[in-house]
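The structure under discussion appears below in the form of structure tokens.
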Protein chains: 2
Amino acid sequence: MGSNIKDVAKLANVSISTVSRVINNAPNINPETKKRVQDAIEKLNFKPNRLAQSLGSGSFRSIGIVSARSSNQGFVPLILQSISEVADEGNYEIILNNSVGEKKEIEKCLSMIDSKVIQGLLLLSSRINDNLIEKLYELDFPFVVLGKVVNEFLSDKVFSVDTDNLSDCEEAINYLVSLGHKRIGCIHAPLNYVVSKERLEGYIEAHKKAGIPVDYSLVENGGYSINEAYEATLKILKTENPPTAIFATDDIKAIGAYKAILELGLRIPENISLIGHNNYDISQITVPPLTTIDVPILELGRVATRKLIDIIEGKRPPIRTILDTRFIIRESCRKLNA
Amino acid sequence: MGSNIKDVAKLANVSISTVSRVINNAPNINPETKKRVQDAIEKLNFKPNRLAQSLGSGSFRSIGIVSARSSNQGFVPLILQSISEVADEGNYEIILNNSVGEKKEIEKCLSMIDSKVIQGLLLLSSRINDNLIEKLYELDFPFVVLGKVVNEFLSDKVFSVDTDNLSDCEEAINYLVSLGHKRIGCIHAPLNYVVSKERLEGYIEAHKKAGIPVDYSLVENGGYSINEAYEATLKILKTENPPTAIFATDDIKAIGAYKAILELGLRIPENISLIGHNNYDISQITVPPLTTIDVPILELGRVATRKLIDIIEGKRPPIRTILDTRFIIRESCRKLNA
DNA sequence: TTTGTTAATGGAAGCGTTTTCATTTTTCAA
DNA sequence: TTGAAAAATGAAAACGCTTCCATTAACAAA
């Protein structure tokens, strides 16, 4: 209990340099010496003090996760799981930054960086005017963004992993259009997040391409909670000329929409077609099951973490990686009668 | 950029000891000296190297979270938020241990402890045969468990924060009984987690007290996912003598139950009454809204984290804290006709 | 043999703090 | 006015590693 490298060195009858070499798997060690040191380590149950190692080497091997950014609560536990997986493999610790509010978030990040606690940062999403991203870029600190960086100067300089939100949302709307829908509502998330804006843009773009004018009275901010989405849906459905279909940019919002639709005595898909996004578990279980877009959340976390570790270790991974999504047709949409 | 305590000392014309004292708010510093040092710190934008501080002081000020324990995915982001809040206040970092599987989980914990990375550990739930708890207790390492410790030797020695699952589940069953229900099903989580077992026990206990025999063909393991709960409910409903009410030990499972019930052409609450547990957002939005039990998740996280920090800092907080839950009657239950 | 290389190891100087102990300075009661 | 206690500060030894540099040993080529 409480042995240090010195004790090991003494027991193995070598210098602490040699012990350090064994610990770090350095080349050019006599196999016999190595064995002797390893035996001593075992015997003393020696575990290197990570703080001392870090101070000596200059790296604590840890990555920070800026998680409060993800408005989407279903997302977080899933992605943390895959991030942990990869971080563990690379022998990195994960330090959480859950600060709420941009100011506190930035403060906490800078503090962790300045005090040498973290070697890299993973942002779980990107914002439209992302001050943190700008700061990190200026500092030349290793970081990866999950999502698109919209700042025109930075967009091709910042490492990111993402899906193609624009086109997958277009696909969803195209599908509705192909079923004959022309009045399609949209419940989106707050637009200061890039992902939210992109999804809305996909909705708009598809309309343009189909030659259908967007009726903005059918487009509502559904906030972050089921309940806000419910309210937003209600609003849309109570417009003078209500939609025949609704696209929710997130399954959780779709859940709120279900509620509103049912409450007004309408049925899905008979009266209203509904599409979600993300393919959370719950989308399979709704009645009827929800047509949605599958996002490879775990893979997103894995790829991003690998990329971040590469950057930290001086490699040059691709700047931007786009992962595929998958449109999943279930039973929440129907063909509109002519 | 990259200044250290030495630079500050030089600029302020004092020794590094004095700078250290200022940083750490030690007593007995001349206010003028202090001012001078603070100015120098500001001027050089000096931020103490946390790793060096830790090595010097022997504490990195960080707590580990064993999170993969929580089978309950809705729980994690919420509680992480409140944990972060309190940890930030106390100037502690949060390091995530998301290892899957008991063996890896224990390994990772011990490794973090041995290598001095963490000063305390928060277990997001307890298991029936909890080897990690035993190990931590033997090591006399600071830790807090969210949930009950059932090992008879340890139960009154391990710090914990919890709610009274047994009695809140009893209350739920009592309510159903008061509505005239005698055949009540139960969808529970895997019983290797204490909380799952307790909730089932509450169900059983209430039956006993009411003089109603428990029919174990109505008790099913609903696993971790909505889908497993759905399957379990289906099984219960298809028994020869199906129940008139179902208690799901978690709202997520209740969602699975909704699906199964509706699918069989039954209605809630007309044909089947349903009660959940935890009062997640979604329970308000189901049709009809779900009667459930509110658990103060955020408060649970806050109290546990405060307790852990107290332990780390040598104080003696109460061994066990029980927080109140609240039975929330909504519209998913009805009185049974005689 | 001698020389040049490479493998294997040790010594010691960091890394950037905290903390103990000693020393100097100040304060204040007698 | 003195002396003891308290306040303020500094010097230097930790803390437990990594890593650079030097040294020795081994071995092959000349």
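Lettering follows sequence order; numbering is per chain, from 1.
- Tested against B:T305, the residues B:I63, B:I94, B:V144 include a single side chain to side chain contact (heavy atoms under 4.5 Å, CB included) partner, B:I63.
- Position along DNA chain D of the nearest nucleotide to B:N13 versus A:N49 favours B:N13 as the more 5'-ward residue.
- Between A:R306 and A:E89, no side-chain nitrogen of the basic residue sits less than 4.0 Å from a carboxylate oxygen of the acidic one, so the salt-bridge criterion is not met.
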Could you go through nucleotides 3-5 of chain D and list every protein N or O atom that sits under 3.5 Å from one of its N or O atoms, giving the distance for each pair?
none

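- A:F60 places its CZ atom 16 Å from the C1' atom of D:dT18, with the value rounded to the nearest Å.
- Taking atom CZ of A:R50 as the reference point, atom P of D:dC17 lies 13 Å away to the nearest angstrom.
- Base engagement by B:S20 is indicated by at least one non-hydrogen atom pair under 4.0 Å involving a base atom.
- Put simply, the side chain of A:T321 never gets that close to the backbone of A:V161: no donor and acceptor are under 3.5 Å apart.
- Taking a cutoff of 4.0 Å between a charged side-chain nitrogen and a carboxylate oxygen, B:K35 and B:E42 do not qualify as a salt bridge.
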Name the pairs: protein N/O against N/O of nucleotides 23-27 of chain C, kept only if under 3.5 Å.
none

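- Using five terminal pairs a side, the axes of the helix from C:dT1-D:dA30 to C:dA30-D:dT1 at its two ends make an angle of 40°, given in steps of 10 degrees.
- By the 4.0 Å N-to-carboxylate-O rule, B:K104 lies too far from B:E107 to be salt-bridged with it.
- You'll find that the side chain of A:V14 is closest to C:dG10, out of D:dT9, D:dG16, C:dG10.
- Comparing A:I5 and B:I16 by the nucleotide of DNA chain D whose heavy atom lies nearest to each, the residue mapping closer to the 5' end is B:I16.
- Sorted by first and then second residue, the salt bridge (charged side-chain N to carboxylate O under 4.0 Å, His left out) pairs involving residues 43-54 of chain B (not counting sequence neighbours) are A:D114-B:K47, B:R50-B:E93.
- Here A:I83 contributes atom CD1 and A:L298 contributes atom CG; the two are 10.0 Å apart, rounded to the nearest 0.5 Å.
- Using a distance-only test at 3.5 Å, with no hydrogens or angles considered, no donor-acceptor pair links the side chain of B:D39 to the main chain of B:R36.
- Using a 4.5 Å cut-off on side-chain heavy atoms (C-beta onward), B:V14 and B:V37 make contact.
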Original post:
When every nucleotide of nucleotides 20-25 of chain D is labelled 5' to 3' by its protein contacts under 4.0 Å (heavy atoms), B for base, S for sugar-phosphate only, - for none, what sequence of letters results?
Top reply: B-----
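- Applying a 4.0 Å cut-off to non-hydrogen atoms, none of the residues of residues 26-39 of chain B approaches DNA chain C.
- Considering only side-chain N and O atoms, A:S57 lies nowhere under 4.0 angstrom from the phosphate OP1 or OP2 of D:dT18.
- Separating the CG atom of B:N4 from the C1' atom of C:dT18 is a distance of 14 Å, rounded to the nearest angstrom.
- B:E313 and B:R61 are joined by a salt bridge, as a carboxylate oxygen and a charged side-chain nitrogen come within less than 4.0 angstrom of each other.
- A:L51 comes within 4.0 angstrom of no nucleic acid atom, judged by non-hydrogen atoms across all strands.
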